[in-house]
Amino acid sequence: MKTTGYVGIAFSAMYSANEIYNACSVGRVSECKQTTFREIGKFTGGIAGGALGAPICTALGITGPWNIVGCAVGLSIIGTGAGTYFGESVGDILYNIIEKKR
């Protein structure tokens, strides 16, 4: 199970790197910068959201090995989705703040 998580993180990192590469290889600087902020935000938000699954289940007092696994998997999936969405939004906000200062 631990290895599967690492494989998922690696695929997510490769996807983000590919999106950044595709945006930057076209030659549009503004799109390259915005995509970089957005993809880094999505990646870090997804990792952070997914990592919260097991601690939340423990904090809720869920017991039993299969109950904890089911809860952790479910909340990790939900947390990853929410974290990805939130991270993308934060990336866009940071891009707008930083680029407007220039």
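Every value quoted in this text rests on a predicted model; they were computed, and no experiment measured them.
The NZ atom of Lys33 sits 15.0 Å away from atom CZ of Arg38, with the distance rounded to the nearest 0.5 Å. Atom-to-atom distance recorded for Leu52:CG and Ile47:CD1 is 11.5 Å, nearest 0.5 angstrom. Taking CD1 from Ile20 and OG from Ser25, the interatomic distance works out to 12.0 Å, rounded to the nearest 0.5 Å. Here CD of Gln34 is found 12.0 Å from CG of Leu94. Values are rounded to the nearest 0.5 Å. Note that the OG1 atom of Thr80 and the NZ atom of Lys42 stand 13.0 Å from one another [nearest 0.5 Å].
The heavy-atom pair separating Ala23 from Thr35 by the smallest distance is CB-OG1, 3.5 Å. Between Phe43 and Ser12 the shortest heavy-atom distance is CD1-OG, 3.4 Å. For Cys57 against Leu75, the heavy-atom pair with the smallest separation is SG-CD1, 3.6 Å.
At a threshold of 4.5 Å between side-chain heavy atoms, the hydrophobic network of Ile, Leu, Val, Met, Phe, Trp and Tyr places Met14 and Val7 in one connected group. Clustering ILVMFWY residues whenever any of their side-chain heavy atoms sit less than 4.5 angstrom apart, transitively, puts Tyr15 in a cluster other than the one holding Ile40. Placement of Phe37 and Phe86 within a single hydrophobic cluster is found when ILVMFWY residues are connected by side-chain heavy-atom separations under 4.5 Å, directly or transitively. Ile62 and Ile78 are not part of a single hydrophobic cluster, where members link through side-chain heavy atoms under 4.5 Å apart.
Side-chain contact between Thr36 and Cys24 is present, with at least one heavy-atom pair separated by less than 4.5 Å.
In this structure, Tyr95 places its OH atom where more than 12 heavy-atom neighbours from other residues, nucleotides or ligands lie under 6.0 Å away.
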